[in-house]
2 protein chains.
Amino acid sequence: MKCDYCTGECSHKLCMHKVPIFSSLSPEEMSHISSIIKHNSYQRGEVLFSEGDSLSSLIIINEGSVKGFKITPEGREQILHVFSEGDFFGERNLFGGQQSAYTAEALEPTKTCVFTKDAFYKMLFAHPGIAVKIIETLEDRIARMESTMQSMGVRSLDGRIGGLLLDFADKYGETVPEGILIRLPLSREGIANFLGVARETVSRKLGQLESEGVIRPVGNKTILLLDGETLKAMTGKDS
Amino acid sequence: MKCDYCTGECSHKLCMHKVPIFSSLSPEEMSHISSIIKHNSYQRGEVLFSEGDSLSSLIIINEGSVKGFKITPEGREQILHVFSEGDFFGERNLFGGQQSAYTAEALEPTKTCVFTKDAFYKMLFAHPGIAVKIIETLEDRIARMESTMQSMGVRSLDGRIGGLLLDFADKYGETVPEGILIRLPLSREGIANFLGVARETVSRKLGQLESEGVIRPVGNKTILLLDGETLKAMTGKDS
DNA sequence: ACATATCTGTGATTGTAATCAAATTTTGGA
DNA sequence: TCCAAAATTTGATTACAATCACAGATATGT
């Protein structure tokens, strides 16, 4: 791993280097703070914390991805967030919130860095610039949620699924000659649980989009987006 | 109007007194800041700003309420936020965001207070405690959006509508002997546009909830929630 | 208080997605 | 590489909500 602050290769694997909220810190500040961070690893399917838990720590993803979800009265998962490398969460418990509003579960092997509440508050008051960074990050999160809500609100199912694909393309897409290659963080069932629709419907609609030449699935976990413009028109995200 | 900082009645109508993010300021700081705030009034239906506008100000609602929405490709409004007294918005434009992600329109006669970007940044660095307050407020907003997403994701329509009613009860409800009296910020059509369903369906489902004895509509703009427990069970919000 | 414009409720029909039930493909571990 | 488990696709049927059409109720301004 290479980073902006160390010469040559970094061996310490400081998650901080991947996290925008710490980008305003000097190397010295970073290494001081890194000394008060704890590390954890999780396997796919492992639960980081459950809805209602009163944990008091900020969790930063160093590697991997995590879904945040609730169980609906119908017994289905409603996914609320998908967090990946560099994202942080759990912060609500640090700022006034009492209990976790959702369960967090690793979607793949995941490594995290953990701040305790005390460590975090100390840092916050010592480095006010971080607060602004946090606000910016929360704004990004709100913007992402707004985008998801817009996708969910579209009445036509193709539009909803297309909207989610665009969101994922934005966050997980890699531009290749033919279009945008999207490594999906969620399975078909996960997508269904994000949008609140049936798993089978997701399959059918993706099949439809494929036959229209808009996408080309590459295995189950990757989709090649060939015609983003059509999707944008379907979802109203052509702004 | 009465406030914690002035003896007797306040005549200056400082919106700051209603806004949690300023609660950590001293009276002197408040009156200094109030001198750099601008005021605006809007009629019902008037647009404060439109999607894509690059405004650079923080808007605080002093009186009234405002909806934030986008237009879906189907031509329908997708409501993303309902802001009311004490809420602030537009802040994304202050923190890195470039353009407004939605259109803001007054739902009723509304008075606002406006911070310019410069004034706001000065205040932020002079009073670091405000940053923490802002983070807390954004966390609340995220929590509210999570709740809305959960409502939207419930498959059964009664559940979705019930979830929204609970959200509104939380924010706009007043406890009365018979239950909770909710002054709805949105019309039936507004509710439909929030949830992404048809207006008629909202009517039908509310009618159904009425015949089940869960709610009692009082005119078009008020609903008396008689049996919150049933709603909570329907929506999974009984945590 | 009245009148008009807007909003809301109800019925009939249609369209779309949920559900149930297998068959098939993909994936990850031995 | 192969095998078993998991995930996905596909088909048939059913249930539910969207739509269209209009009647009725509410609200707002004069």
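Letters A, B, ... mirror the listed sequences (proteins, then strands); counts begin at 1. Computed from heavy atoms alone, side chains included, the values below leave out hydrogens, waters and symmetry copies.
- A salt bridge links B:Arg216 and B:Glu178; the closest N-O separation between the charged side-chain nitrogens and carboxylate oxygens is under 4.0 Å.
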Between the protein and nucleotides 15-19 of chain C, list every N/O to N/O distance that falls short of 3.5 Å.
| from | atom 1 | to | atom 2 | distance (Å) |
| --- | --- | --- | --- | --- |
| C:dA17 | OP1 | A:Leu157 | N | 3.4 |
| C:dA17 | OP2 | A:Lys205 | NZ | 3.2 |
| C:dA18 | OP1 | A:Ala198 | N | 3.4 |
| C:dA18 | OP2 | A:Thr201 | OG1 | 2.1 |
| C:dT19 | OP2 | B:Arg155 | NH2 | 3.1 |
| C:dT19 | O4 | A:Arg204 | NH2 | 2.8 |

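- The interatomic distance linking B:Arg183 (CZ) with D:dA27 (C1') rounds to 12 Å, in whole Å.
- Residues B:Arg204 and B:Asp158 are not paired through a salt bridge, judged by the lack of any N-O separation under 4.0 Å between the basic side chain and the carboxylate.
- For A:Tyr102 and A:Phe69, the gap between ring centers reaches or exceeds 6.0 Å.
- For the pair B:Arg188 CZ and D:dG24 P, the computed distance is 19 Å after rounding to whole Å.
- The environment of A:Lys171 atom NZ is dense: over 12 non-hydrogen atoms of other residues, nucleotides or ligands sit within 6.0 angstrom.
- With hydrogens and angles left out, the side-chain atoms of B:Asp53 and B:Gln99 include no donor and acceptor closer than 3.5 Å.
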Every protein N/O lying under 3.5 Å from an N/O of nucleotides 27-30 of chain C:
| from | atom 1 | to | atom 2 | distance (Å) |
| --- | --- | --- | --- | --- |
| C:dT27 | OP1 | A:Asn220 | N | 2.9 |
| C:dG28 | OP1 | A:Lys221 | NZ | 2.7 |

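- Within the nucleic acid shown, A:Ser203 comes within 4.0 Å of at least one base atom, counting heavy atoms only.
- Here B:Asp227 does not pair with B:Lys232 in a salt bridge; the nearest charged N to carboxylate O distance is not below 4.0 Å.
- Ion pairing of B:Arg141 with B:Glu91 is present here, as a side-chain N (NZ or NE/NH1/NH2) and a carboxylate O approach within less than 4.0 Å.
- In summary, the side chains of B:Ser65 and B:Glu108 do present a donor paired with an acceptor at a separation below 3.5 Å, with no hydrogens or angles considered.
- Computed from coordinates, the B:Met152 CE to D:dA17 C1' distance equals 16 Å when rounded to whole Å.
- D:dA7 atom C1' lies 14 Å from atom CD1 of A:Ile223, rounded to whole Å.
- Distance CG (B:Leu195) to P (D:dC16): 19 Å, rounded to an integer number of Å.
- In this structure, B:Lys67 pairs ionically with B:Glu77, as a charged nitrogen and a carboxylate oxygen lie closer than 4.0 Å.
- One interatomic measurement links the two molecules: CD of B:Glu189 to P of C:dA5, which rounds to 19 Å at whole-angstrom precision.
- When the P atom of D:dT8 is taken as reference, atom CD of A:Glu210 falls 15 Å away, rounded to whole Å.
- In this structure, CD of A:Glu77 is placed 11 Å from P of D:dA7, rounded to the nearest angstrom.
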